[in-house]
Amino acid sequence: MTPAVALASICAFIGAFWLLGIVRRAAAALAVTRGALAAMRDAALDEDAREKEVQRASLKLLGIFFSILARSLLALFASFLPIWVADTLGLASSETVLLFLARWDVILVVSLVLLAGYVLWNRLWASS
């Protein structure tokens with residue numbers, strides 16, 4: 001039962017990560033950074049305009065950071081729900097599931113499967 005609970009936990013994390021839009025927020029952070037870099041290189045702007053743009057970008061990045069942090073904590077919380085439910089119902093001890101998830105072989109296999117899934121998803125998505 002431990003592997004099933006671990007798989008449910010991983011799926012809950014991935015689902016929450018996607019539903020909470022963490023990747024979209026990270027992409028927004030990159031866009032803000034690119035905009036600030038473009039403003040810093042813009043010869044048409046004077047020093048005051050560049051500084052204002054960089055300050056605006058830094059405040060926006062700070063907001064995005066806290067948004068990503070909060071969303072990541074929610075995704076982490078979502079991943080603990082299946083473990084807690086299984087522990088509460090007596091299906092699998094939370095300690096056993098967490099120890100199983102912390103094993104190097106489990107981490108390696110899960111990482112490879114997720115990477116392969118990501119590559120496959122992108123290739124299918126790009127071909128559509």
Whether T33 side chain and A29 backbone form a donor-acceptor pair below 3.5 Å:
yes
Intermediate values then yes/no, side-chain contact (heavy atoms from CB on, under 4.5 Å), I22 and S72 | CA-CA 7 Å; I22 295 171; S72 297; 4.0 Å; yes
Worksheet item: Just by distance, do the side chain of S9 and the backbone of V5 share a donor-acceptor pair under 3.5 Å?
Response: no
For V54 and M40 the tightest heavy-atom approach is CG2-CG, 3.5 Å
Exercise. Check the hydrophobic clustering (I, L, V, M, F, W, Y; side-chain heavy atoms under 4.5 Å; chains of links allowed) and say if M1 and V106 are grouped together.
Key: yes
Separation between CZ (F17) and CD1 (I10), nearest 0.5 Å, reads 14.5 Å
Taken to the nearest 0.5 Å, the spacing of I83 CD1 from L101 CG works out to 5.5 Å
Here the gap from L61 atom CG to I68 atom CD1, rounded to the nearest 0.5 Å, amounts to 9.0 Å
- Any Lys/Arg nitrogen of E53 or R50 sitting under 4.0 Å from an Asp/Glu carboxylate oxygen of the other? no
Should L76 and S79 be marked as a side-chain contact (heavy atoms from CB on, under 4.5 Å) after you check the CA-CA gap, both sets of side-chain angles, and the distance that decides it? CA-CA 5 Å; L76 189 61; S79 72; 3.9 Å; yes
- Task: May I have the step-by-step check of side-chain contact (heavy atoms from CB on, under 4.5 Å) for F80 and L98, ending in yes or no?
- Result: CA-CA 10 Å; F80 281 114; L98 291 174; 3.7 Å; yes
When every non-hydrogen atom of V97 is compared with those of A92, the smallest separation belongs to CG2-CB, 3.9 Å
To the nearest 0.5 Å, atom CZ of R56 lies from atom NZ of K60 at 5.5 Å
- Message: Is there a path of hydrophobic side-chain contacts, each under 4.5 Å between heavy atoms of I/L/V/M/F/W/Y residues, joining L74 to F65?
- Response: no
Exercise. Start with the C-alpha distance between V23 and W18, add both sets of side-chain angles, then the distance that settles side-chain contact (heavy atoms from CB on, under 4.5 Å), and finish with yes or no.
Key: CA-CA 7 Å; V23 174; W18 181 73; over 6 Å; no
When every non-hydrogen atom of A57 is compared with those of A36, the smallest separation belongs to CB-CB, 3.6 Å
Heavy atoms of A16 and A78 approach each other most closely as CB-CB, 3.7 Å
Closest heavy-atom pair, R25 versus I64, reported as atoms and distance to 0.1 Å, is NH2-CG1, 3.1 Å
CG of L89 to CH2 of W84, rounded to nearest 0.5 Å, is 8.5 Å
* Would you mind reporting whether I14 and L114 have side-chain heavy atoms less than 4.5 Å apart? => yes
Review point. Checking R71 side chain against L20 main chain: does a donor-acceptor pair fall under 3.5 Å?
Key: yes
Rounded to the nearest 0.5 Å, the CG atom of L45 sits from the CG atom of D42 at a distance of 4.0 Å
